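This report refers to the structure that appears directly beneath it.
We count residues from 1, following the sequence as given. Since we're looking at a predicted model, the values are computed, not measured.
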Amino acid sequence: MTRRLTRAEKIELIQRVLGIKHKLKVHDSMKSPETHEELSVSLSSRWELEDEMKAIELLLEQDRHENVKLKSKQIEEDYLSGTPHAAKKKKT
């Protein structure tokens with residue numbers, strides 16, 4: 001990933017995933033296809049939705065992985081640098 005997602009972008013992507021999941025549930029509740037042609041169209045549309053959902057989930061997963069790396073680095077600097085955390089706080 002070349003850049004971090006903004007909070008608004010993450011929320012938008014999460015909402016899209018939820019929308020796709022709803023579409024897949026609706027898709028599953030529909031009458032089963034009766035012909036090979038209907039089944040192929042149904043599978044194709046389902047796969048398109050699943051592929052989009054996986055792509056979005058992959059982007060979110062990569063962003064979360066980067067976030068965990070940044071937080072780990074910050075925790076190491078703040079808590080594992082050899083200086084007690086209480087000594088770092090400035091008394092006012």
Quiz item: Just how far is it from atom CD of Q62 to atom CG of N67, taken to the nearest 0.5 Å?
Solution: 13.5 Å
Quiz prompt | S40 side chain to H36 backbone, donor-acceptor under 3.5 Å | solution = yes
Show me the side-chain donor-acceptor pairs of residues 11-24 shorter than 3.5 Å, one per line, residues at least two apart or across chains.
from : atom 1 : to  : atom 2 : distance (Å)
R16  : NE     : E52 : OE2    : 2.8
R16  : NH2    : E52 : OE1    : 2.9
R16  : NH2    : E52 : OE2    : 3.2

Practice problem: Drop me the distance from S45's OG to E50's CD, to the nearest 0.5 angstrom. | Solution: 9.5 Å
Self-check item: Partners passing side-chain hydrogen bond (donor to acceptor under 3.5 Å, both in side chains) against K69 (at least two apart in sequence or in another chain)
Solution: E66
Quiz item: Should we count CZ of R46 as having more than 12 external heavy atoms under 6.0 Å?
Solution: yes
Quiz prompt | Reported NZ-to-CG distance for the pair K71 and D78, which is rounded to 0.5 angstrom | solution = 11.0 Å
Quiz item: If you round to the nearest 0.5 Å, how far is CG of D51 from CG of L58?
Solution: 12.0 Å
Quiz item: Are more than 12 heavy atoms from other residues, nucleotides or ligands located less than 6.0 Å from atom CD of E61?
Solution: no
Quiz item: In the hydrophobic clustering (ILVMFWY, side-chain contacts below 4.5 Å, transitive), which residues join W47, or is it alone?
Solution: L39, L43
Quiz item: Checking D63 side chain against L5 main chain: does a donor-acceptor pair fall under 3.5 Å?
Solution: yes
Quiz item: Would a distance-only check, ignoring hydrogens and angles, find a side-chain to backbone donor-acceptor pair under 3.5 Å from E38 to E34?
Solution: yes
Quiz item: Below 4.5 Å, heavy atoms only, C-beta onward: do E76 and S81 meet side chain to side chain?
Solution: no
Exercise. Nearest 0.5 Å please: distance from the OG atom of S42 over to the CE atom of M30.
Key: 6.5 Å
